[in-house]
There are 2 protein chains.
Amino acid sequence: MREINQTKVFVQYRDVMKPYEPVMGRKYTITHSDKTAELFVFVAQNYAEDQITSMRDEVIVAWEPYKIGIALIGSVIVDGNGVIGDAYIRNKIFYNEMPKALQALRQADRFLFDKEPNLDKTPVLIHFISSNPIYDKTYNFGAIGIYK
Amino acid sequence: MREINQTKVFVQYRDVMKPYEPVMGRKYTITHSDKTAELFVFVAQNYAEDQITSMRDEVIVAWEPYKIGIALIGSVIVDGNGVIGDAYIRNKIFYNEMPKALQALRQADRFLFDKEPNLDKTPVLIHFISSNPIYDKTYNFGAIGIYK
């Protein structure tokens, strides 16, 4: 896994969200700048809709109850909903770049994980949303801890 | 004082610096994007020299012992050191925009101030560095708490 440049990761905590709590209800919106390679992680009660551009290249992830524990469950939009761009290419880019987005999340919110190391075992499930069943899949990207 | 847009403030903690500690040794480098109006606050043991551009429009501030207490002591470079731009204009912009930079600092690092409300009383002293004695002055911008 290619490591991200940590000096390019920025965080913005919103509303009641603090560096060390709460876990449940914590939602991440991860965006980036193609130009500067900066990665922006918004930590809030809601997804940062004001940061979502027509490119629809954001990754959203939230802590959610899952089976008998919790999971980081998120999604990306491959196609549909007026998204411009080839689904094959968007799907490929999202899949290849996901480790980068997850590293940004883990880096931005590392204080939470440092405080509760067990959280590093949380599985990450990302739904690739598409009108085409070939792309419309949920991938398990493994435990968030592998992205630290 | 015109209030900054809090959704434009991003923080990046580096090295040993955490949201709630330590106070002493904490150094801020505040930069901005003229294009997007985003404000970036780097919190680290050293100033984020990798973020300083030839524009030299950064504001640097650190917690330092001062008289019988502490102060937030910082500086900006008005002219000299190869800085391009009219000193009169740079001086004016730095002075007028300083409340914005200080609001960004207070917003970015609000967890620290929330934990230790007394810190809001800390005076902010900014040295405007210039080879011209008209501009080379240290201004007291008041208590950091007024920028919250």
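Cluster membership check: A:I30 shares its hydrophobic cluster with A:F94, using side-chain heavy-atom separations under 4.5 Å among Ile, Leu, Val, Met, Phe, Trp and Tyr. Cluster membership check: B:F42 does not share its hydrophobic cluster with B:M55, using side-chain heavy-atom separations under 4.5 Å among Ile, Leu, Val, Met, Phe, Trp and Tyr. B:Y28 and B:M17 fall within a single hydrophobic cluster, where Ile, Leu, Val, Met, Phe, Trp and Tyr are joined by side-chain heavy atoms under 4.5 Å apart, directly or via other members. Hydrophobic clustering of Ile, Leu, Val, Met, Phe, Trp and Tyr side chains at less than 4.5 Å, counting indirect connections, unites A:L72 with A:Y95. Hydrophobic clustering places A:V76 together with A:W63 (ILVMFWY residues linked when any side-chain heavy atoms are closer than 4.5 Å, directly or through intermediates).
Surrounding NZ of B:K115 are more than 12 heavy atoms belonging to other residues, nucleotides or ligands, all under 6.0 Å away. In this structure, B:E116 places its CD atom where more than 12 heavy-atom neighbours from other residues, nucleotides or ligands lie under 6.0 Å away.
Between B:K8 atom NZ and A:D50 atom CG the span is 8.5 Å, to the nearest 0.5 Å.
When heavy atoms are compared at a cutoff of 4.5 Å, B:Y13 approaches chain A by way of both its backbone and its side chain. Of the two parts of B:D114, neither the backbone nor the side chain holds a non-hydrogen atom closer than 4.5 Å to a non-hydrogen atom of chain A. Looking at B:Q51, only its side chain comes within 4.5 Å of chain A, counting heavy atoms on both sides.
Between A:F111 and B:Y20, the ring centre distance reaches or exceeds 6.0 Å.
Contact residues of residues 102-110 of chain B toward chain A are B:R110 (heavy-atom distance under 4.5 Å).
Taking the side chain as every heavy atom from C-beta outward, A:T7 and B:Q12 approach each other to under 4.5 Å.
Counting only residues at least two apart or in different chains, side-chain hydrogen bond (donor to acceptor under 3.5 Å, both in side chains) contacts with residues 139-148 of chain B are absent.
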